[in-house]
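Here the structure is laid out as structure tokens; the discussion comes afterwards.
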Amino acid sequence: MTSAGLAMHAVPENQRTESAACAGLSASFFPGSPILSVRDLSKSFGAVNALKHLNADFYSGEIQAICGENGAGKSTLVKILAGVDRPDTGTTCFDGKVCTLSSSKEAQRLGIAMVAQELSVCPDLSVLDNIWLGSMDVPFLPRRKDLRRRAAEALSLLGAEHIALNATVGQLTIGERQLVEIARMLTRNARVFILDEPTATLSDNEIDRIFVALARIKRQGRSVIYITHRLAEVFRICDSVTVLRNGEMVGVSRTADIDRKKLIEMMLGRPFIEMYPEHGYTEGEPILRIDGLCVPGAVRDFSAVVPRGDIVCIAGQVGSGAESVVRTVAGLVYNATGSVRVNGNPMRLGSAEEACQHNIHFVSGDRAEEGIFSSLSVTDNLVATRLRALSRFGFLNPKSLQAEALRLAGWAGVDQRRLRARADDLSGGNQQKLAFGRCLGGTQAGVLVLIEPTRGIDIGARAEIYQLMRGLCAEGYGLLVASTDLEEVIGLADAIITMYRSRQVGSYRGKAINMQDIMADITHPLK
Amino acid sequence: MNSIGGQASEQPASVVSRLWSIRLDKASLIQGIAAVAVVIFAVSTPGFLSATSIRSLLTTVSFVGCVAVGMTFITLSGNIMSFSIGASMSATTIVFMVSVVLGLVPALILAFLFCAALNGIQGWLIGVFRANPLIISMAAYSMIIGSAIYITGGRGVYPLTNKANILTANIGPLPGPLAAFLFVAIVGQLILSFTRFGRNIYLVGANPRAAKASGLEPWRTVLWAYVAAGLCTAVSAVLVAARYRSGDMEHGIGYEYHAISAVLVGGTAIQGGAGSVIRTLVGTVFIALMQGLLILRGFGIEMQYLLIGLIVLAAVMLQWKGRT
Ligand SMILES: Nc1ncnc2c1ncn2[C@@H]1O[C@H](COP(=O)(O)OP(=O)(O)OP(=O)(O)O)[C@@H](O)[C@H]1O
Ligand SMILES: [Mg+2]
């Protein structure tokens, strides 16, 4: 990790010319004047400079990606554009006129709509109410029918007709909630649409529909700003890409003029070597054995074996039941039946504590709700599961807690200088590393079960996490992963089990793993 | 990664900063100013620095303080507050005074067990069934008052023994209740800071789902938090009973209100997971000081209520500011 820091200082000349070139080029690249631009924008949170004298332009009729590592300042930038946060210094221009984006209402009035990185739906309200929440289009006495029609239109544009307008949002899955938020954005009559990692919780089908919707917006001559960590998406739908690093602008480029490797280098400030570590194929003795697992309404008769030193992935679309399998193993599903054995010892289902005692650790995909303790410090988060091991007769030693936190932070790649920060002050990806770091460092190799381990994690950190996971394998851990990201599943897994609508479809191992079969399995069930 | 930083430059968080750490921000500043103001106000009020007024102040602080420490456990564990804590305190005074004829030690044991169980049952209901803590405590309040009056016929208990008088004695230079309060506060804070149970309370209070996902059983932590609250309340109950030489359902009236005010004014987060006993201690002293000063300056009970109301309101507003 230190190499990045060194590399950055080693090539300043190089970078300067690169960004200068981009600035020069951008004039000829983009026809017309920008709809939205920022000049000399700075924003700091305490000692952290999230944005440093940033200049950027966004144009109409384009889909513009913003890329950068976790904590690069992407969310901070778009929050300022959407009037959620205020910058310390700098000016924003909308349509050529200097404007102050002092509130999200002001931004909405100008025609800027955003889907934030963190879900911001009200779980107790209906889908319809959530879609129109805070919209200035709604008259004082709204015509309910009209609102319903427009909300339904927005949902069907996203291929989400199955979400009932009357349903309570709290009962929807995370993916569906995300769709509701995007639908909310679509109902806004905006000229600039901002999406901050909208696809992190969605399945491939849903993502396709969103892209169709975005392409439509683009054709209407409106502007889209799109933040993502999935580089494939950048090349698939975006016209240009703006790269941030440590709060500074690294450069802008047309996606046609750049390739994946170059983009990664711009983001990291160093050449990127390999995303996925070597596979293990150790075929150790089974550490986890699942037989005939059933969860009413979610999983029917699931069986699997996780050998020591292997990564087994359960691939499936959102709602396929893969998550439920993992949650059951973690002891979080109370009505599951079937048998789960760890090292041959049967485990009682439905108790997270019991799972922990069997040395099963769980990393949730739902960071804010279940992954981290957002109001506690980084230290408290890291040592949360280690308290039993670090205490004697129930008493803790603060020194050893600190030492352990430092160790785990180093291990998981969380900034060791920020141990006292509140967890929710970290960037999204760093929060995920926190959730990850918390589960590790036990003395005895156990089972790690994960849901969407790299959701919202940047490419550099993602490679590190994959390395970490492999490192655990080498220590004798067995890993069970539920993921909807096929590329990840194929790059990472030693064995893959596919699921479709609660049922186990196929399983693949080693050389037998291939994209086509797995894709077919998770989208169409075998007859 | 912004983890590119190499060496850890930061020293481990000192214990002091942990105790007060919600955040050093505007809210803490205002609290500091308020504290200084009240001290100046106190010193400038004639008669305040007399032995009697300080003594009576400290006694009030002690009785409410023990209950407030217990309430801190409940609030930190994410369960806002308990309306029934004053009623369980009253009931405990009765249990104590009825059983004191058996001897002081058995009476103390019975009183503590009784109060711990009374609160523990509520904690169990709240933890296991994820019942709303406010509703449960309201129901418990009614049930405790109802059954106590049914059993005692609404009369107080005045035992013909002075076995409990020893509880009103001084301990060295300290009045007994004050010593007891300091003991409760110190033990309470030590438990929160240095035991696994204490940590678990913060974790469960901050995010029960994440706590469950990391292998804790939140219901168990909540249950023990209520038991701890019961034990703290029992301390107050036996001291009050000994002081008035009676057990009576009147004794605990208003304590839940004063305790929760102290917790909030101290700045413990109403949604749980952040705060400390030290904060509650400061809150208790602050409120008692204000009350004492108002009395000395000739204001009536109505002004006291009004002022406490305003202070609690201000404290909650400060928290809200602190969140965004
Ligand atoms: N409210 C806040 N208080 C303190 N620091 C903050 C706050 N919000 C963001 N930061 C810090 O500012 C920096 C930029 O954060 P930001 O959320 O913009 O990153 P990001 O590029 O969106 O990362 P990610 O890809 O992980 O979402 C990070 O170092 C983060 O820790
Ligand atoms: Mg972000």
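- The two residues A:Asp380 and B:Arg199 make their nearest non-hydrogen contact at OD1-NH1, 3.0 Å.
- Using a 4.5 Å cut-off between heavy atoms, A:Ala368 contacts chain B through its backbone alone, with no side-chain atom that close.
- Both the backbone and the side chain of A:Ala384 come within less than 4.5 Å of a heavy atom of chain B.
- No more than 12 heavy atoms of other residues, nucleotides or ligands shown are found within 6.0 angstrom of CZ on A:Phe395.
- A salt bridge links B:Arg220 with A:Glu353; the closest basic N to acidic carboxylate O contact falls under 4.0 Å.
- For A:Leu401, the part lying under 4.5 angstrom from a heavy atom of chain B is the side chain only.
- The contact between A:Leu332 and chain B is made entirely by side chain atoms (from C-beta outward), counting heavy-atom distances below 4.5 Å.
- Of the atoms belonging to A:Arg388, heavy atoms from both backbone and side chain fall under 4.5 Å from chain B.
- Every residue meeting the side chain to side chain donor-acceptor pair (under 3.5 Å) condition with A:Ser391, not counting sequence neighbours, appears here in chain and number order: B:Arg196.
- Proximity to chain B (any heavy atom under 4.5 Å) is shown, for A:Ser351, by both the backbone and the side chain.
- At a threshold of 4.0 Å, the pair A:Glu69-A:Arg245 does not count as salt-bridged, since none of the basic side-chain nitrogens sits closer than that to a carboxylate oxygen.
- Listed by sequence position, the residues of residues 71-80 of chain B in contact with chain A number zero, using a 4.5 angstrom heavy-atom cutoff.
- Heavy atoms of A:Val363 lying under 4.5 Å from chain B are absent altogether.
- Taking the charged nitrogens against the carboxylate oxygens, A:Asp366 and A:Arg455 have no contact shorter than 4.0 Å, which rules out a salt bridge.
- Atom CG of B:Asn119 and atom SG of B:Cys232 lie 10.0 Å apart (nearest 0.5 Å).
- For the residue pair B:Thr280 and B:Val69, the shortest heavy atom distance occurs at CG2-N, 4.2 Å.
- To the nearest 0.5 Å, the span separating CD1 on B:Ile186 from CD1 on B:Ile278 amounts to 8.0 Å.
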